[in-house]
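Notes follow the structure.
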Amino acid sequence: MFAIDTRRVVLRLNGDQDIVVGRAEGREPAVEIAREMVRHIEAASARGEWPQIDERVVRPGAIGSVDVQRGA
């Protein structure tokens with residue numbers, strides 16, 4: 001039996017706050033979610049706006065990283 005490789009994509013904010021922005025089966029689909037999140041953040045920043053992430057509007061400078069983590 002094979003183990004399911006579930007990954008979650010987490011937006012890590014300065015101050016040790018995390019927002020889970022997606023889940024996927026396998027690394028590559030999770031990395032694509034992470035890349036799409038980075039594009040979303042960059043596009044909002046280019047317009048001089050703060051990106052909306054889930055139900056929050058986040059100051060771009062508060063974003064530390066977008067992480068792909070193992071586990072649900």
Side-chain angles (χ1 to χ4, degrees):
M1 182 169 197
F2 293 99
I4 297 173
D5 182 19
T6 302
R7 306 285 178 119
R8 66 184 193 155
V9 181
V10 176
L11 182 73
R12 181 152 294 171
L13 303 177
N14 298 331
D16 295 326
Q17 290 184 333
D18 294 342
I19 302 172
V20 177
V21 295
R23 288 184 168 74
E25 297 300 325
R27 181 182 181 281
E28 289 307 314
V31 168
E32 185 52 39
I33 292 169
R35 287 182 177 141
E36 182 58 34
M37 181 56 52
V38 169
R39 286 189 289 269
H40 172 66
I41 294 164
E42 288 177 343
S45 293
R47 294 187 306 270
E49 299 174 358
W50 292 11
Q52 182 172 345
I53 312 292
D54 197 21
E55 296 298 320
R56 297 175 69 173
V57 177
V58 179
R59 182 175 50 86
I63 299 168
S65 62
V66 179
D67 302 338
V68 174
Q69 303 173 339
R70 288 185 186 264

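All values below come from the heavy atoms of this structure, side chains included, with hydrogens, waters and symmetry mates left out.
Side-chain contact between His40 and Ile53: present, with at least one pair of heavy atoms (C-beta onward) separated by less than 4.5 Å. Contact annotation: the side chain of Leu13 approaches that of Ile63 to within less than 4.5 Å [non-hydrogen atoms, C-beta and beyond].
Residues Gly22 and Ile33 share a closest heavy-atom pair of CA-CG2, 4.4 Å. Smallest separation of non-hydrogen atoms from Ala30 and Ala24: N-CB, 3.7 Å. Pro60 and Trp50 make their closest contact through CD-CD1, 3.5 Å (heavy atoms, listed as atom of the first residue, atom of the second, distance). The minimum heavy-atom distance linking Gly61 with Asn14 is given by the pair O-ND2, 3.1 Å.
Hydrophobic clustering (side-chain heavy atoms under 4.5 Å, transitive across Ile, Leu, Val, Met, Phe, Trp, Tyr) groups Val38 together with Val58. In the hydrophobic cluster analysis, where Ile, Leu, Val, Met, Phe, Trp and Tyr join through side-chain heavy atoms closer than 4.5 angstrom, Val57 is grouped apart from Ile41.
Each of Asp54, Asp18, Ile19 was evaluated against Leu11; a single residue qualifies, Ile19, per the side chain to side chain contact (heavy atoms under 4.5 Å, CB included) test. Checking each of Arg8, Arg7, Gln69 against Arg23 for a side chain to side chain contact (heavy atoms under 4.5 Å, CB included) leaves exactly one that passes, namely Arg8.
Legend: residues meeting side chain to side chain contact (heavy atoms under 4.5 Å, CB included) with Ala34, ordered by chain and number and at least two apart, are Val9, Val66, Val68.
For the atom pair Gln17 CD and Arg56 CZ, the distance stands at 5.0 Å (nearest 0.5 Å).
Screening residues 24-36 for side-chain hydrogen bond (donor to acceptor under 3.5 Å, both in side chains) gives Thr6-Glu25, Glu32-Arg39, Glu36-Arg39 as the qualifying pairs, with residues at least two apart or on separate chains.
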